[in-house]
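Below is one structure, written out as structure tokens, with a few remarks after it.
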Amino acid sequence: MLRVRFAPSPTGFLHVGSARTFIFNWLYARRNRGTLVLRLDDTDVERNTDASVNSIFEGLRWLDLGWDEEYKQSERLALHRQIADAIFQKGLAYRDFTPAHTGDSEKSGANQTWLFNPGMRELSRAESDRRAAAGESFALRFRVPRGTGEPVRFNDAVYGEQIKSADDIEDFALLRSDAMPTYHLASCADDIDLRISHVIRGQDHLSNTYKHALIFEGAGAKPPQFAHLPLLVAPDGSKLSKRRHGPVVSVTTYRDAGFLPEAFINFLCLLGWSPKDDREKMTRQELTDAFSLEGINRSNAVVNFKEPAATPDETFDPKALWLNAEHIRALSVDELSARLLPVVHAAGFSIAPEQMHAITPLIRERIKLLRDVLTAADFFFVDQLPPYDPAELIPQKGDTAMALKILTRAREVLAQTEFKHDPLDQTLRAAALEMGAKAGQMFQPIRVAVCGRKNAPPLFETLEVLGRETTLARIELALQKIQ
RNA sequence: GGCGCUAUCGUCUAGGGGUUAGGACGGAAGAUUCUCAAUCUUCAAACACGGGUUCGAUUCCCGUUAGCGCUACCA
């Protein structure tokens, strides 16, 4: 039975790199009818926060992918200690009574690799037991084979066969002096206990995996299949971090900007993985069907946002924006309308579902993010148009007099025309012809009068949705402005 | 410093001993159109560098350089 896990540590919001790891695990589980375990790796009591736990769940819920089982590492400490003890009893670990380092002072100027603590490593078992019994606190360290030139190895589904001399691996800690397990121990102990068959995680753990191989072996367990994912990095190549890059790395930023979860998932999948057949826009189902560990590449992928962003859109990778637009266009009017409505309501406009439904086809091709509805369809939502420059009412190659004439005539004909696309089309074109104006010259003043700007959806559809009353009132106001 | 991983257009990537090195985003130009979008067409844009191996390397090997990761009683 295939079992994978996503194991975030709740020390910050859910960031895009973690989201991608989750998605890949989900895809792999679904593709192979396996089980996805969500495990909160919360053994770092100092740094864990409830806010972070909430943020992670919030992000995962938005992704709308789900999982099958859920655990908290902090509730499984007995298991971790039991496995640590088993390793210790086999003589594969030793007690280190050296007081814990405070801060990272030991790193300053240190160009010598710390590998182990000879005094403690050689301590006799009797002496070690005596000091422990006397209540002296200690960390438990793995006794990595020394001087034997023995290699530690594991196979990675992405990076291939990995081999390292044990002489280059330090005696890492299993238990801290407060008896709390370290990440390495807790993670492996839980992977063993939860019968995880495949560990799919970020490449920052690739070199840690040698330690994990040692723990699995020490615990007498068969190691899972590992698959490390290339890292997601900022345009300058640095690791994505909250401190340096701010909200651009948080999943909720994408949600709040109006990304569709399916588009966001699609985007993340294309970072470090390829279906190898030139497909870009893919549905959740298509991704599931196409996903395989073989398609994962080995080099880091840049999330191409601008830093700093000159426009709000520059916060996002252009490809993410394009994919979102693609997914938006793939939605039916019903679906898109339903997703747009809460965005409009959240902005404080009260608009009926039927109205939204009528507006949706007019903007579907003009928005990249759901929030763009607020700028693309603003004139549908307000009673009073915000102020605009009356000069905008003047058509191409025309003057004020022409604008005046056109709007006056439009007011006349629109008072009688049926407010449907075809009649509006015929009437306004006829009016243009009769005045010796080009169609475009006729339409622009009306468009500006009604929308408050030159760039807007097609005119007849817009008028149809707006209705006669509003249209005439706005033309009236435009006439006042221009005089 | 030590150990490790990586290196194809600006970005995401396909490819692989002989190719006009393909696609996508973004950019530029044009077509279409009532504006803006959308759509369509075209263009510019890459195998990090140096040695091998080979008839032939962007592809295989080694080195250099660069980037990244690990080197915590963080995860």
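Chain letters run A, B, ... following the sequence lines, proteins first, then strands; residues in each count from 1. On a predicted model such as this, the values are computed, not experimentally measured, just so you know.
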Would you say that more than 12 heavy atoms from the other residues, nucleotides or ligands in this model lie under 6.0 Å from the CG of A:D50, or not?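 Check fails, neighbour count at 12 or below.
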
Verify the neighbour count for atom NZ of A:K306: are there more than 12 heavy atoms of other residues, nucleotides or ligands below 6.0 Å?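 No - once you tally the heavy atoms of other residues, nucleotides and ligands closer than 6.0 Å, there are 12 at most.
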
Decide, yes or no, whether a salt bridge links A:D171 with A:R121 under the criterion of side-chain N to carboxylate O below 4.0 Å.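 Yes.
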
Answer yes when A:E122 and A:R146 have at least one side-chain N-carboxylate O distance shorter than 4.0 Å, and no when they do not.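 Here A:E122 does not pair with A:R146 in a salt bridge, since their nearest N and O are not under 4.0 Å apart.
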
Same-atom distance (C1') from B:U64 to B:A7, integer angstrom: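 13 Å, rounded to whole Å.
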
Pick the P atom in B:U59 and in B:G17, then give their distance to the nearest Å.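 11 Å, rounded to whole Å.
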
Between the base of [N] and the side chain of [X], is there any donor-acceptor pair under 3.5 Å?
{"X": "A:K276", "N": "B:A14", "value": "no"}
{"X": "A:N208", "N": "B:A75", "value": "yes"}
{"X": "A:Q162", "N": "B:G4", "value": "no"}
{"X": "A:K319", "N": "B:C12", "value": "yes"}
{"X": "A:S177", "N": "B:C73", "value": "yes"}

N/O (side chain, [X]) to phosphate O (OP1/OP2, [N]) under 4.0 Å:
{"X": "A:R429", "N": "B:C34", "result": "yes"}
{"X": "A:R366", "N": "B:U35", "result": "no"}
{"X": "A:N297", "N": "B:U13", "result": "yes"}
{"X": "A:R279", "N": "B:A24", "result": "no"}

Would you indicate what A:E280 reaches in the nucleic acid, counting non-hydrogen atoms under 4.0 angstrom: base, sugar-phosphate, or nothing?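 Since a base atom lies under 4.0 Å of A:E280, the category is base.
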
Close approaches to RNA chain B from residues 183-192 of chain A, in residue order (heavy atom, under 4.0 Å):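 Heavy-atom contacts with RNA chain B come from A:Y183, A:H184.
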
Using the ring centroid of each side chain, check whether A:H198 and A:F24 are separated by less than 6.0 Å.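 Between A:F24 and A:H198, which both carry aromatic rings, the centre distance is not below 6.0 Å.
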
Please assess A:L424 against A:F419 for the test side chain to side chain contact (heavy atoms under 4.5 Å, CB included), listing each intermediate value before the final yes or no. CA-CA 6 Å; A:L424 285 166; A:F419 264 60; 4.3 Å; yes

